[in-house]
Protein chains: 2
Amino acid sequence: MTIRADRLHVLQVLRGKEPFLGGSALPGGFVRLPEDLEATALRELTEETGLDGSALHLEQLHSYIAADRDPRGPVASVAYLAIAPNLPIPVAGTDAARARWEPLDDAGRASDPLAFDHDQILADGLERARTKLEFTPVATAFCGSTFTMTELRRVYEIVWGVALDPPNFHRKITSTPGFVVETDTHRPLGAGRPARLYRRGTAKVLHPPLLRP
Amino acid sequence: MTIRADRLHVLQVLRGKEPFLGGSALPGGFVRLPEDLEATALRELTEETGLDGSALHLEQLHSYIAADRDPRGPVASVAYLAIAPNLPIPVAGTDAARARWEPLDDAGRASDPLAFDHDQILADGLERARTKLEFTPVATAFCGSTFTMTELRRVYEIVWGVALDPPNFHRKITSTPGFVVETDTHRPLGAGRPARLYRRGTAKVLHPPLLRP
DNA sequence: TCAAAAGTGTTTATGCTACACCCATGC
DNA sequence: GCATGGGTGTAGCATAAACACTTTTGA
């Protein structure tokens with residue numbers, strides 16, 4: 001997932017073979033032993049999209065095994081959720097040419113149904129992302145290495161689909177130990193007072209949490 | 001997991017074959033298609049322990065695949081967390097005779113190291129249980145079909161390892177919509193005023209959550 | 001000097017903690 | 001009556017929402 005143009009987007013690939021030839025799906029592939037699950041997720045992501053995996057947040061989401069989820073037969077899938085800043089997709093590579101960022105509507109659904117049970121996986125991933133924003137600083141994974149308080153607030157507003165009060169948000173973030181550290185540089189936007197730039201802090205969990213309204 | 005004699009216990013089985021013959025492990029086994037993952041977890045639990053699976057809470061925890069986690073070679077494990085009231089383990093069945101409830105110490109560890117990477121799985125499961133108590137009514141899964149407010153509070157105190165103020169706990173639970181529904185019966189304990197009995201409500205999540213101190 | 005966006009102060013309401021106190025039962 | 005555990009009331013403190021207001025820039 002990423003945020004582009006104030007919209008939440010999900011990475012999709014066009015399938016090049018049956019089943020669901022020509023349909024949209026989440027990127028994925030098979031484990032190549034002896035690599036572990038996280039290495040598989042990272043490798044498939046970079047192979048199919050050309051995205052740089054070093055900057056993104058990656059976590060295991062859920063495992064899906066059911067007899068009818070793949071017409072070829074039983075397939076066990078371990079889904080991972082990746083969160084990245086707004087990165088351009090390279091178009092050079094063969095596989096990467098089939099990848100694209102697809103916006104989600106207000107209900108959090110893709111415009112077209114996805115192959116297999118990937119709509120369910122996407123729904124689970126979105127709910128996980130919404131929850132994780134409450135208790136971890138993972139919102140910074142949507143931003144670059146430095147970001148303004150307004151950019152961080154937009155992450156929350158877009159992922160949660162709500163409006164937040166800028167003054168109160170600013171205070172909550174800065175009063176949560178280890179969430180962000182302020183730099184002494186600012187970013188002018190053309191109009192208005194330049195915003196201070198922040199960097200991620202070292203906290204792994206938020207005390208107190210930032211609960212959804 | 002269950003609670004016995006004011007201590008958190010985890011279900012263990014004695015391994016009957018190599019590797020780790022004679023050692024302790026979490027109960028488990030292989031998927032038998034076309035059953036899905038949850039059916040596998042439930043079947044293995046009842047086969048190896050004789051416990052009644054109809055009353056317990058069961059949820060997927062995490063998937064573990066790494067080249068070195070099983071000496072026989074790469075094995076993919078999908079761990080499930082089960083929470084049950086204090087049930088006796090039948091001793092009649094062949095497999096069930098090897099199962100027992102093992103208490104966890106204050107740090108949440110088993111007395112002896114478990115086979116494979118099961119100590120890690122146990123630690124992940126305990127952390128999941130502690131977190132789930134905050135946001136869902138799953139604490140009622142440790143209790144019988146009816147329970148007193150003190151029994152429910154003891155669940156929180158034992159799983160979290162903290163002391164809670166009884167009056168404030170009582171108010172928090174009863175003011176959280178759908179957590180519990182009161183019955184009109186009471187349970188005398190020999191000394192003191194009889195405690196009112198409650199039943200689980202219909203809520204799936206707690207609003208507001210019951211955060212750890 | 002004005003518009004725009006960032007950030008601070010302040011009021012008010014709400015919730016939570018600590019603990020005093022009352023209730024209902026067995027002995 | 002009195003000990004014991006269940007349950008309610010309440011004062012004081014901390015937190016959070018709403019919004020007025022100040023700051024800092026570009027035009």
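In the text below, chain A, chain B and the rest are named by the order of the sequence lines, each starting its count at 1.
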For this session: Tell me which residues in residues 134-167 of chain A put a heavy atom below 4.0 Å from DNA chain C, sorted by number, or none.
Result: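 Residues of residues 134-167 of chain A that come under 4.0 Å of DNA chain C are, in numerical order, A:M149, A:T150, A:P167.
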Exercise. Which ones in residues 198-213 of chain B lie close to DNA chain C, meaning a heavy atom under 4.0 Å from one of its atoms?
Worked result: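 None, since no heavy atom is under 4.0 Å.
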Does [X] come within less than 4.0 Å of [Y], counting only side-chain N to carboxylate O?
| X | Y | answer |
| --- | --- | --- |
| A:R128 | A:E59 | yes |
| B:E157 | B:R154 | yes |
| A:E134 | A:R212 | yes |

Exercise. Pick the nucleotide of DNA chain C nearest each of A:H170 and B:R193; which residue has the one closer to the 5' end?
Worked result: A:H170
Exercise. Where each residue is assigned the nucleotide of DNA chain D containing its nearest heavy atom, which of B:L189 and B:N168 is assigned the position nearer the 5′ end?
Worked result: B:L189
For this session: For B:H186 and C:dA24, give me the distance from atom NE2 to atom C1', rounded to whole Å.
Result: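 Between C1' of C:dA24 and NE2 of B:H186: 10 Å.
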Exercise. Using a distance-only test with no angle check, is there a side-chain donor-acceptor pair under 3.5 angstrom linking B:Y64 and A:D36?
Worked result: no
Exercise. Going by distance alone, is a donor N or O of one side chain under 3.5 Å from an acceptor N or O of the other, for A:S111 and A:E102?
Worked result: yes
Problem set entry | A:L11 and A:L26, any side-chain heavy atoms less than 4.5 Å apart |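 A:L26 does not reach A:L11 side chain to side chain.
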For this session: For residues B:F142 and B:Y156, establish whether the separation of their ring centroids is below 6.0 Å.
Result: no
Spell out, as yes or no, whether a donor-acceptor pair under 3.5 Å connects the side chain of [X] to the backbone of [Y].
| X | Y | result |
| --- | --- | --- |
| B:D117 | B:Q120 | no |
| A:W101 | A:L87 | yes |
| A:T148 | A:E151 | yes |

Problem set entry | Phosphate OP1/OP2 of C:dG15 contacted by B:K172 side-chain N/O (<4.0 Å) |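 Indeed not, no polar side-chain atom of B:K172 lies that close.
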Exercise. What distance separates B:L114 CG from B:I121 CD1, expressed to the nearest 0.5 Å?
Worked result: 9.0 Å
Exercise. For B:R196, which contact category applies under a 4.0 Å heavy-atom criterion: base, sugar-phosphate, or nothing?
Worked result: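 The answer is sugar-phosphate, as B:R196 gets under 4.0 Å only of primed atoms, P, OP1 or OP2.
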Problem set entry | Start and end of chain B contact along DNA chain D [non-hydrogen atoms, under 4.0 Å] | D:dT4 to D:dT10
